[in-house]
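Worksheet for the structure shown next.
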Amino acid sequence: MVLAKNNKAPVFVVGCPRSGTTLLYHMLLSAGDFAVYRAESNVFNLLVPRFRGMRSAADRRELLEIWLRSKLFRVSGLDAGEITARIMNECRCGGDFLRIVMEEVAHKQGVRRWADCTPDHLLYMEEIKRQIPDALFLHIIRDGRDVALSYIQQGWSYPLPWDRGERLAVAGLYWEWAIGEGRDQGQHLGTDYHEVRFEELIAKPGETLARLGLFIGHDLDYDRIQQAGIGSVSEPNSSFGGESEGAFNPVARWKTKMSPQQIAALEEVIGDALQELGYGFGSATRAGMSLRAARLRTTYLTMFEAKHRMKATPLGRLVHLGPMQLEPDTAG
C-alpha cells in the first residue's frame, strides 16, 4: 500500500452524533500505532468556550482545576504534575492543549500518532486547522433517519414545549444543520478533509478502510482491526441494546422501527437534505412543504445556529460540564 499522507498527522474523526464516529475511531485505534484514548476530548466545543480560549495563565489554572478531576484526565494515564507543568508553560489555545495532552499520551504508550473522536468538533474544523495545521479530518455521514431514530432512543431530542410531538423532526433537523455546517467548512480544508458513509463502512469495511488508510497515511488492515477489536469494533455502541448479535444491523433501521406516518412526517422536513446526500425516500409520495415543515425548519435551524454562535461570546462560559464526568472536589 502506498501511503500518500503524512503518517504522523493527527486525525480528527467528526460527524453528527450517532453517525458512527465511535466505531470509526475505534477502528483506527485497533489498527495500531495510534494512542488509545477512550474518551471524547471536548476541547473546542466545551473547554475553549468555558475557559476563555486558555489564553491567560489564570484561565489555564482554572481549566486544570476542573480537567484534572475529569474522566478526560483519568483515562489519559498521565502524571498530573508533569502535564500541569507543560500546559502552564506551553499552552496558549485549545489546539495547544489538545496537542500537548495527546502527544504525551502517545509518548507514554510508545506510538507515533494520535486521533481525536469528539463528534461536535465537526463544527470547529476550520478553527482546529488554524491551531493544528497538520490535522486531517474524517467526516462520517449516516442516513438522517437512522440518526434521528438513535437520538430518540437516547433521549437526546429537545423540542420546544409546544413541539413535544416533533422529537424525530427536531433530531432530523439537527442532523441536517450539523452536516451542512461541517460540509461547508470541509470545502475550505481542501485535501485534508474526507467524507465517508457509515453505510459503506458497514457493508464494505475492508474496501472502505483501505481507502481511508490512503487518505490518512496509515495501514488500516481490516483483519488486524478485527483481531484487536478495541471498543465498539467488538462491542457495538448501539442505541438498541436488546438486539441479538445475529440480528444486529445498524443500517436502515428506520424502515422497521418507524411507522409509515413517522417516515413521511420526517421526510417532509429533511427530505431535501436526504436527497442531496443520495439517500432514497421511504414514503410513497412527496407533497410540497407544509406549513408545519416550514415552521419547524425556520425555528430549529435558526435556533441551532444561534446556540452555536453564542459559544463564541462571553455566554460560552455557561457551557455544561457534564460530559467531563467530574469527580467531587475534595480540596479544602
Side-chain angles (χ1 to χ4, degrees), residues 14-23 40 42 45-46 118-120 122-123 140-183 198-199 236-243 248-277 279-311 319-320 322-323:
V14 296
C16 180
R18 308 309 303 172
S19 292
T21 51
T22 301
L23 173 61
E40 297 174 5
N42 289 295
N45 60 312
L46 195 159
T118 303
D120 281 349
L122 174 70
L123 309 175
I140 186 165
I141 296 173
R142 185 183 186 187
D143 188 318
R145 292 159 295 196
D146 277 327
V147 172
L149 189 63
S150 185
Y151 258 63
I152 297 300
Q153 192 74 6
Q154 294 283 351
W156 289 357
S157 182
Y158 305 106
L160 296 167
W162 50 88
D163 286 328
R164 290 192 183 93
E166 298 286 3
R167 295 185 186 278
L168 275 172
V170 173
L173 284 168
Y174 183 78
W175 166 83
E176 177 182 332
W177 175 80
I179 284 185
E181 178 68 22
R183 299 188 91 197
F198 174 78
E199 294 80 11
N237 180 32
S238 174
S239 300
F240 296 85
E243 293 180 336
F248 177 74
N249 181 4
V251 175
R253 274 201 188 99
W254 58 270
K255 292 183 178 180
T256 57
K257 300 288 186 180
M258 291 186 196
S259 69
Q261 294 78 15
Q262 287 176 317
I263 294 170
L266 180 57
E267 290 180 353
E268 182 186 29
V269 176
I270 63 168
D272 288 343
L274 290 169
Q275 188 172 37
E276 180 182 347
L277 291 165
Y279 293 111
F281 295 110
S283 51
T285 59
R286 289 202 72 217
M289 185 176 294
S290 67
L291 289 176
R292 162 193 167 266
R295 180 185 66 79
L296 289 172
R297 291 185 60 81
T298 299
T299 300
Y300 289 96
L301 294 177
T302 301
M303 187 172 73
F304 297 146
E305 181 68 21
K307 289 177 67 175
H308 175 59
R309 291 186 179 277
M310 283 171 58
K311 285 190 176 182
V319 295
H320 179 49

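- Among all heavy-atom pairs drawn from I141 and R183, the shortest one is CD1-NE, 4.3 Å.
- Residue-environment remark: CZ (R292) exceeds the threshold of 12 foreign heavy atoms within 6.0 Å.
- Residues M303 and L160 share a closest heavy-atom pair of SD-CD2, 4.3 Å.
- To the nearest 0.5 Å, atoms NZ (K257) and CD1 (I152) are separated by 14.0 Å.
- W175 approaches A273 most closely through the heavy-atom pair CZ3-CB, 3.8 Å.
- Note: L277 CG to I270 CD1 = 9.5 Å, rounded to the nearest 0.5 Å.
- Put simply, the side chain of E40 does not reach to within 4.5 Å of the side chain of T21, judged on heavy atoms.
- Note that the CD1 atom of I140 and the CD1 atom of I179 stand 10.5 Å from one another [nearest 0.5 Å].
- Counting only heavy atoms from C-beta outward, the side chains of V269 and E166 never approach each other to under 4.5 Å.
- In this view, Y300 satisfies the ring-ring contact (aromatic ring centres under 6.0 Å, His included) rule with no residue, not counting sequence neighbours.
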Item to complete: In sequence, state the C-alpha distance, the side-chain angles, and the governing distance for E181 and L122, and then conclude on side-chain contact (heavy atoms from CB on, under 4.5 Å).
Response: CA-CA 8 Å; E181 178 68 22; L122 174 70; over 6 Å; no

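- When all heavy atoms are compared, the tightest approach of L301 to L173 is CD2-O, 3.7 Å.
- Nearest heavy atoms, A148 versus L266: CB-CD2, 4.2 Å.
- Here F304 pairs with Y174 under the ring-ring contact (aromatic ring centres under 6.0 Å, His included) rule; sequence neighbours left out.
- Put simply, CD on Q275 and CD on E267 are 10.5 Å apart, with the number rounded to the nearest 0.5 Å.
- The SG atom of C16 sits 9.5 Å away from atom CH2 of W177, with the distance rounded to the nearest 0.5 Å.
- Taking each heavy atom of V147 and P17 in turn, the nearest pair found is CG1-O, 3.6 Å.
- When each of R18, R253, R142, R145 is tested with S150 by the rule side chain to side chain donor-acceptor pair (under 3.5 Å), just one qualifies, namely R18.
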Worksheet entry | Intermediate values then yes/no, side-chain contact (heavy atoms from CB on, under 4.5 Å), V251 and F198 | CA-CA 8 Å; V251 175; F198 174 78; 4.3 Å; yes

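- Atom CZ of residue R309 and atom CG of residue L123 lie 11.5 Å apart, to the nearest 0.5 angstrom.
- In this structure, T302 has no side-chain hydrogen bond (donor to acceptor under 3.5 Å, both in side chains) partners at least two apart in sequence or on a different chain.
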